[in-house]
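As structure tokens, the structure follows; a few thoughts come after it.
Every number for a ligand or one of its atoms is a count from 1 in the order of the listing. Residues take their numbers from the sequence shown, with the count starting at 1.
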Amino acid sequence: MARFPVSEFKELPTPFYFYDLSLLDRTLAEIKRTARDPRFKVHYAIKANANPGILRRIQAAGLGVDAVSGGEISAALEAGFDGDKIVYAGVGKSDREITLGLEAGIQCFNVESLPELEVIDELAGQLGKVATVALRVNPNIDAHTHAYITTGLAENKFGINLEQLPAIVEKATSLENIRLEGLHFHIGSQITDNEPFVLLCETINGLLSEYAGKGYRFRTINVGGGLGIDYADPDRHPIPDFETYFNTFRNHLKLSEGQEVHFELGRSVVAQCGSLITRVLYVKEGVTKRFAIVDAGMTELIRPALYSAHHKIENLSSPNGERHHYDVVGPICESSDCFGKDELLPAIRRGDFLALRSAGAYGEIMASQYNCRPLPLSYFSEK
Ligand SMILES: *Cc1c(COP(=O)(O)O)cnc(C)c1O
């Protein structure tokens, strides 16, 4: 379990992100152990957290990178990832971003529409290069997760619909500067139930056999990311159940000779190793509520305001006090700037340090400067 060096925190300006690198290393080791199938390749979805200290560890562990923008490609290159270990998805790739990817010699463009395919072909032609692409398919599978992080339904903006796929496959194989190598899928995020992944495997099997019948063979099958984590009890499940996750694909996907499976894990790699540390500014007695007003807000951690997400809150300064109910709120001028309602927590006093747990993914990277606030700093523990 994560231990917090509270006495050291007193010297640091709050709020800040605190990363447990030993947990990150153990998580990466577990991914290596459970994804041991030589046909499996794991790419880290860098949008979850691009802190250079985190990226260096992930690069050293041998993972590739899944990027969704030119900025992310640059961040990955700067952290030492080789261009040919970077895959690039995104519905709206600009000409500049595509050119950056081509020049970096990235492993694969995950293409989301016909016009994008044509632009990549044209830009690759201008540079005298051939772009390796996978087509991102929208498999119309309900991931049973929050509407804002469901990406694989027909109504979502992502990917190519199954009905439109045959024409685009044909087009891709006819373009001179395109090498069609795979199919790409990503159905959503924070998926805690295995069934959507099983459904995804079945959909993929159906597609592969349909296309095999037409003489098309795909060398890579990219199944995206989405494995969820335990936000309610991070100390019980500090490392997600990668064994079950990878076994689902091992047992359900019907691969042919030489086919590879690519995974793009973001949240499950980094969420549990990060906490947002904040100091209590005031305890305010309302008419019906007691508020703990803290110095972190939606500017440092937007998930509660954006997705009604909940991060476990801990009082690090007095973990054993008598418990009371608090609404834990930030200082930002928005009513949604609230980390928890009626939280049962050990008595909170001004100056106490609170930890918002499981904040390593989609936390620091989503920080904003709304209300002219400075971006949060980060600190690392090796112990
Ligand atoms: C966000 C994203 C991922 C990672 O999702 P997680 O839920 O963080 O694992 C993977 N692939 C694509 C294309 C994405 O957009």
Side-chain angles (χ1 to χ4, degrees), residues 24 27-28 31 34-35 41-51 54-55 58 63-73 75-76 85-93 97 101 106-113 116 133-139 141 143-153 156-160 182-194 196-197 200 220-231 239-242 245-246 248-249 261-274 303 306-307 309 358-366:
L24 176 61
T27 305
L28 291 165
I31 291 172
T34 53
K41 300 274 181 304
V42 181
H43 291 87
Y44 166 61
I46 191 172
K47 75 174 190 280
N49 188 323
N51 184 307
I54 300 280
L55 291 186
I58 295 173
L63 274 63
V65 158
D66 162 49
V68 293
S69 74
E72 289 189 353
I73 294 174
K85 286 191 108 174
I86 300 173
V87 300
Y88 176 23
V91 281
K93 303 178 185 76
E97 292 174 307
I106 63 167
Q107 187 180 0
C108 192
F109 288 87
N110 293 330
V111 171
E112 308 222 8
S113 67
E116 180 196 329
V133 310
L135 298 176
R136 177 167 180 176
V137 180
N138 185 329
I141 290 173
H144 305 302
T145 185
H146 191 279
Y148 286 5
I149 50 177
T150 294
T151 53
L153 285 173
N156 298 126
K157 70 180 176 180
F158 299 99
I160 298 162
L183 294 178
H184 173 230
F185 305 82
H186 174 66
I187 54 176
S189 200
Q190 185 51 18
I191 300 169
T192 49
D193 155 16
N194 222 28
F197 295 126
L200 174 62
T220 58
I221 308 303
N222 186 329
V223 297
L227 177 62
I229 62 131
D230 190 346
Y231 281 102
I239 299 178
D241 184 0
F242 291 112
Y245 174 75
F246 287 117
T248 300
F249 291 93
V261 187
H262 291 190
F263 298 87
E264 300 171 333
L265 297 174
R267 185 190 315 269
S268 52
V269 183
V270 291
Q272 298 292 33
C273 78
R303 297 188 66 258
L306 188 60
Y307 315 122
S358 314
Y362 307 108
E364 187 184 359
I365 194 72
M366 284 181 138

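- Atom CD1 of residue Ile31 and atom CD1 of residue Ile239 lie 9.0 Å apart, to the nearest 0.5 angstrom.
- Note that CD1 of Ile141 and CD1 of Ile191 are 9.5 Å apart. Values are rounded to the nearest 0.5 Å.
- Remark: among candidates His184, Gln190, Lys47, the nearest residue to atom 15 (O) of ligand 1 is Lys47, based on non-hydrogen atoms.
- Under a 3.5 Å cut-off, the side chain of Gln190 and the backbone N or O of Ile229 do form a donor-acceptor pair.
- Contact atoms of ligand 1 toward Gly266: 6 (P), 8 (O), 9 (O) (distance under 4.0 Å to a heavy atom of the residue).
- Nearest non-hydrogen protein atom to atom 8 (O) of ligand 1 is Tyr362 OH, 2.5 Å.
- Using 4.0 Å as the threshold, Gly226 has a heavy atom nearer than that to some atom of ligand 1.
- Between Gly225 and ligand 1, not a single N/O pair is under 3.5 Å apart.
- Ring-plane geometry between Phe249 and Tyr245 is classed as perpendicular, the angle between the planes exceeding 60 degrees on a 0 to 90 degree scale with a lower cut at 30.
- Contacts with ligand 1 closer than 4.0 Å are made by heavy atoms of both the backbone and the side chain of Arg267.
- Heavy atoms of Phe158 come nearer than 4.0 angstrom to ligand 1 in no pair at all.
- Among all non-hydrogen protein atoms, the one lying nearest atom 5 (O) of ligand 1 is His186 CE1, 3.5 Å.
- Atom-to-atom distance recorded for Ile160:CD1 and Leu135:CG is 4.5 Å, nearest 0.5 angstrom.
- Taking CD from Glu72 and NZ from Lys47, the interatomic distance works out to 7.5 Å, rounded to the nearest 0.5 Å.
- Contact annotation for Ser189 and ligand 1: heavy atoms of both the backbone and the side chain come within less than 4.0 Å of the ligand.
- A cation-pi geometry, defined here as NZ or CZ lying under 6.0 Å from the six-membered ring centre and within 45° of its normal, holds between Lys93 and Tyr88.
- Among protein heavy atoms, atom 11 (N) of ligand 1 sits closest to Glu264 OE1, 2.6 Å.
- When His184, His43, Lys41 are each tested for a side chain to side chain donor-acceptor pair (under 3.5 Å) with Glu264, only one passes: His184.
- Atom 4 (C) of ligand 1 has its closest protein heavy atom at Ala45 CB, 3.4 Å.
- Contact annotation for Asp66 and ligand 1: only side-chain heavy atoms (C-beta onward) come within less than 4.0 Å of the ligand.
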